[in-house]
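Data block below; observations after.
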Protein chains: 2
Amino acid sequence: MTVPFSFLHHLACPRCQTVYDADTQAHLCQCGSPLLVHYDLEAAGKQMSKEQLRQREPSLWRYHELLPVRSPEHVVTLGEGMTPLLPLPRIGARMDLPQLYVKDEGTIPTGSFKARGAAVGVSRAKELGVKTLAMPTNGNAGGAWATYSARAGLAAYIVMPEAAPLITRNECAISGAHLFLVNGLISDAGAIVGRAVKQYQWYDASTLKEPYRIEGKKTMGYEIAEQFGWQVPDVILYPTGGGVGIIGIYKALRELQQLGWIGEHLPRLVAVQAEECAPIVKAWQEGKDVSEPWANSHTIAFGINVPKALGDFLVLDAIRQTNGCALSISDTDLLAAQADLAREEGLFVCPEGAATLVAARQLRQSGWIKATERVVLLNTGSGIKYPNTVQVSVPVLQPQEELPIS
Amino acid sequence: MTVPFSFLHHLACPRCQTVYDADTQAHLCQCGSPLLVHYDLEAAGKQMSKEQLRQREPSLWRYHELLPVRSPEHVVTLGEGMTPLLPLPRIGARMDLPQLYVKDEGTIPTGSFKARGAAVGVSRAKELGVKTLAMPTNGNAGGAWATYSARAGLAAYIVMPEAAPLITRNECAISGAHLFLVNGLISDAGAIVGRAVKQYQWYDASTLKEPYRIEGKKTMGYEIAEQFGWQVPDVILYPTGGGVGIIGIYKALRELQQLGWIGEHLPRLVAVQAEECAPIVKAWQEGKDVSEPWANSHTIAFGINVPKALGDFLVLDAIRQTNGCALSISDTDLLAAQADLAREEGLFVCPEGAATLVAARQLRQSGWIKATERVVLLNTGSGIKYPNTVQVSVPVLQPQEELPIS
């Protein structure tokens with residue numbers, strides 16, 4: 001008997017429960033909801049063990065039984081995953097929160113957690129016979145999907161706002177993607193892609209419009225659990241734009257519970273948004289199940305500038321089911337936190353990641369987070385991808401000069 | 001009996017063999033040579049096993065017995081090491097070299113292999129009681145040492161050429177380092193630092209002027225051996241500026257031989273330089289043991305713009321002892337290879353790393369590398385740190401427009 005590489009079973013709609021075949025190309029449910037991937041967890045649980053996992057290579061493919069790629073030959077990888085989980089001793093001490101950690105997605109291919117979704121999404125697209133995919137992006141997802149598409153040999157059409165970070169433009173262009181800018185927001189890019197996808201019958205790789213990106217992102221949840229020795233933390237704070245990461249982490253935790261690898265206690269999930277783009281926060285505060293599109297959204301944390309997320313109801317559900325919460329942070333505060341993390345802890349995080357530190361501080365001050373709790377900030381990428389958020393003024397010396405030490 | 005965390009034994013000069021105590025601050029030998037670190041490998045070999053290693057965390061600290069930090073509490077880490085070793089199937093096939101790999105240091109903290117040297121160098125400096133360090137840099141080392149100094153709580157004085165990559169300037173500044181630019185080359189920066197270090201009694205962290213950076217870099221050699229199941233490859237190509245990586249990899253391989261973990265056969269080490277800054281190549285071609293300073297050096301691969309390396313004789317020795325060679329690449333060719341790697345394999349490497357692909361192609365064409373050989377390119381960092389080496393021209397659409405598909 002051969003052992004399956006993946007225990008992929010079927011797709012299902014989380015809203016209307018319609019079931020779909022996992023082995024044909026699928027996008028949204030007929031009801032308009034994103035689809036979620038289901039596995040034969042009972043069979044997987046008999047096959048896998050924590051001990052065996054310890055011996056495996058340090059990439060997200062160590063969890064291959066719980067990922068949607070059926071054959072190892074279709075795995076498209078650049079070595080993504082098993083990113084560091086680092087303590088923040090100085091900042092934690094200042095906050096009276098000694099067990100403060102960051103899950104650092106800065107050290108992953110393309111310098112952004114988008115590599116996880118792209119690795120699994122592109123692998124599965126390739127396995128399903130896709131030749132051309134298309135997507136709108138705020139930058140980092142485009143860079144990642146362009147890169148992995150190149151590695152897979154797929155053609156990629158990518159549309160991003162003109163204001164998206166320059167470096168992500170470079171990633172797309174050098175990887176041979178067909179890149180276009182739009183004089184507008186990601187929603188404008190999405191409309192252009194939507195029409196093109198229909199016209200040319202391309203594979204729509206937009207956020208949550210294919211079911212597999214979330215499977216890549218969920219591995220952050222597996223890794224956090226494994227890195228803490230299968231004792232999950234009390235709180236995970238996540239910078240929320242499209243929200244795929246928080247949906248994925250919640251899904252991962254539920255799967256680990258079903259496998260019996262973690263207990264009943266789940267981390268409280270916290271969605272962190274920018275003050276000028278906080279649709280999830282508003283919906284959460286108002287007790288609503290879905291968000292309203294946020295008008296005139298803007299923030300320097302470009303990756304979370306998403307006025308309306310397709311999976312908003314899943315994000316809100318993940319927060320409620322775990323007794324979490326949602327809060328928004330000003331650009332001024334998150335930039336100060338970015339500098340704080342670099343100066344105090346040596347971590348040069350992206351602005352989105354920095355927002356979670358401000359949120360944790362506020363929640364600690366209000367008592368919502370207790371001093372004895374174990375808290376994880378999810379840093380979604382490296383600060384080196386955002387040269388323009390750091391303002392530097394440096395003295396210039398002539399070769400014969402001495403260092404001017406005051 | 002407690003088991004030592006490190007089997008650090010003493011320091012010794014590779015030129016005049018003078019021995020130094022490893023537990024006091026040491027820089028160059030009295031004869032002017034860099035010092036190398038020695039371990040009690042016999043004792044270490046009794047303590048360590050390949051099987052036990054498999055269970056350890058995926059960072060360079062998995063090799064802690066062979067690293068110079070005596071106490072785990074002094075380890076300053078951002079989770080560096082155990083970077084991916086990736087096959088290049090398409091480019092390899094085109095070159096008639098099916099076993100072509102890249103060791104990708106793009107996915108490491110600070111996006112550059114300099115993080116390895118900084119992690120170990122800063123850890124050991126902290127252990128030895130250092131409070132302030134200083135160094136000249138072409139950018140990436142400065143970014144790494146600034147970051148790790150911040151994490152360690154050390155003060156860092158860093159001087160880099162005005163032309164060094166902007167992003168490395170950001171890394172230094174946001175990490176709270178005392179940063180200065182110089183209107184000149186790294187050698188000018190070095191002279192300024194040299195005078196300041198003497199005047200203020202700072203710890204000199206210049207390349208090879210402290211013995212521990214090389215210990216961090218050597219872990220690339222350990223990882224390559226471990227990732228190939230302790231069967232070393234036939235050829236390793238390394239972009240050579242200061243040359244610490246090639247010296248380190250050679251040292252690592254010798255240590256593994258002494259441990260009996262690898263056999264007699266060593267990879268042939270190839271130093272790759274830029275055409276307009278090729279002092280090692282010139283010395284190797286002329287059969288010399290040391291290099292001459294290269295006048296008016298320049299290359300877009302900024303990290304290998306080093307007119308005269310302090311460890312040049314060690315680089316030349318590593319090449320000769322392994323029957324390797326040295327060759328230089330034009331900027332035009334290495335930029336083309338950078339685009340090739342991104343488009344064909346999805347790897348956005350730095351210009352320095354791209355140079356090794358051109359070198360491998362030339363050596364394959366000349367027959368110096370055989371089709372059956374296993375070859376590793378060392379990519380020293382991520383392309384995302386060099387936005388200016390990628391020239392992008394992208395069409396801009398208005399929101400209501402259609403994608404112009406030709």
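A note on names: the letters A, B, ... follow the listed sequences, proteins ahead of strands, and every chain is numbered from 1. Everything numeric in this text was worked out from a predicted model, so none of it was measured.
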message = I need the minimum non-hydrogen distance between Pro58(A) and Pro58(B), along with the two atoms involved.
response = CB-CB, 3.4 Å

inquiry  = If you count heavy atoms of other groups shown closer than 6.0 angstrom to CZ of Arg54(B), is the number above 12?
reply    = no

request  = Go through Gly184(B), Ser393(B), Pro109(B), Gly143(B) and name the one with the most non-hydrogen pairs under 4.5 angstrom from chain A.
outcome  = Pro109(B)

request  = Give a yes or no answer on whether the side chain of Arg90(A) reaches the backbone of Arg151(B) with a donor-acceptor pair at less than 3.5 Å.
outcome  = yes

inquiry  = Heavy-atom cut-off 4.5 Å, strictly under: side chain, backbone, both or neither for Gln227(B) against chain A?
reply    = neither

remark   = d(Ile405(B) CD1, His178(A) NE2) to nearest 0.5 Å is 7.5 Å

message = If we define contacts as heavy-atom pairs under 4.5 Å, which of Phe180(A), Tyr157(A), Phe348(A) has the most with chain B?
response = Phe180(A)

key: Ala177(A), part contacting chain B, at a heavy-atom distance under 4.5 Å   = neither

note = One option among Pro404(A), Ala196(A), Pro395(A) has the most heavy-atom pairs under 4.5 Å with chain B, and it is Pro395(A)

request  = Sort Ala146(B) into side chain, backbone, both or neither according to what part of it lies under 4.5 angstrom from a heavy atom of chain A.
outcome  = neither

Residue among Ile167(B), Leu78(B), Leu341(B) with most heavy-atom pairs under 4.5 Å to chain A = Leu78(B)

query = Quick one: what part of Gln55(A) sits under 4.5 Å from any heavy atom of chain B, side chain, backbone, both or neither?
reply = both

ask   = If you measure from CG on Leu397(A) to CD1 on Ile192(B), what distance do you get to the nearest 0.5 Å?
value = 5.0 Å

ask   = So which part of Gln338(A) gets closer than 4.5 Å to some heavy atom of chain B, the side chain, the backbone, both or neither?
value = both

request  = Name the member of Ile174(B), Asn183(B), Asp188(B), Val182(B) that forms the most heavy-atom pairs with chain A at distances under 4.5 Å.
outcome  = Ile174(B)

message = Heavy-atom pairs under 4.5 Å with chain B - which of Thr389(A), Val76(A), Thr147(A), Thr110(A) has more of them than the others?
response = Thr147(A)

inquiry  = At a heavy-atom distance under 4.5 Å, which candidate from Glu401(B), Arg169(B), Gln400(B) has the highest pair count against chain A?
reply    = Glu401(B)

message = I need the residue from Ser175(B), Ala173(B), Gly106(B) with the largest number of non-hydrogen atom pairs under 4.5 Å to chain A.
response = Ser175(B)

remark   = Under 4.5 Å to a heavy atom of chain A? For Pro87(B) that would be both

ask   = Do Asn170(B) side-chain atoms and Pro387(A) backbone N/O form a donor-acceptor pair below 3.5 Å?
value = yes

ask   = When only pairs under 4.5 Å are counted, which of Glu345(B), Glu171(B), Gln199(B) shares the most heavy-atom pairs with chain A?
value = Glu345(B)

remark   = Output for pair (Lys385(A) NZ, Ile384(B) CD1), nearest 0.5 Å, gives 5.0 Å

query = Is it the side chain or the backbone of Leu179(A) that comes within 4.5 Å of chain B heavy atoms, both, or neither?
reply = both

request  = Please say whether more than 12 non-hydrogen atoms of neighbouring residues, nucleotides or ligands are located less than 6.0 Å from NZ in Lys50(A).
outcome  = yes

inquiry  = Need one label for Pro84(B): side chain, backbone, both or neither, based on atoms under 4.5 Å from any heavy atom in chain A.
reply    = side chain

Inter-residue atom distance Leu166(A).CG - Asn388(B).CG, 0.5 Å rounding = 8.0 Å

Stepwise side-chain contact (heavy atoms from CB on, under 4.5 Å) test for Thr107(B) and Thr107(A) = CA-CA 5 Å; Thr107(B) 61; Thr107(A) 61; 5.6 Å; no

key: Heavy-atom contact with chain B under 4.5 Å, split by part of Val159(A)   = side chain

query = Relative to chain B, which segment of Glu344(A) carries a heavy atom at a distance below 4.5 Å: side chain, backbone, both, or neither?
reply = backbone

query = Looking at Ala150(A) and Ala342(B), what are the two nearest heavy atoms and their distance?
reply = CB-O, 3.3 Å

ask   = Is it true that a side-chain atom of Arg343(B) and a backbone atom of Gly176(A) form a donor plus acceptor pair closer than 3.5 Å?
value = no

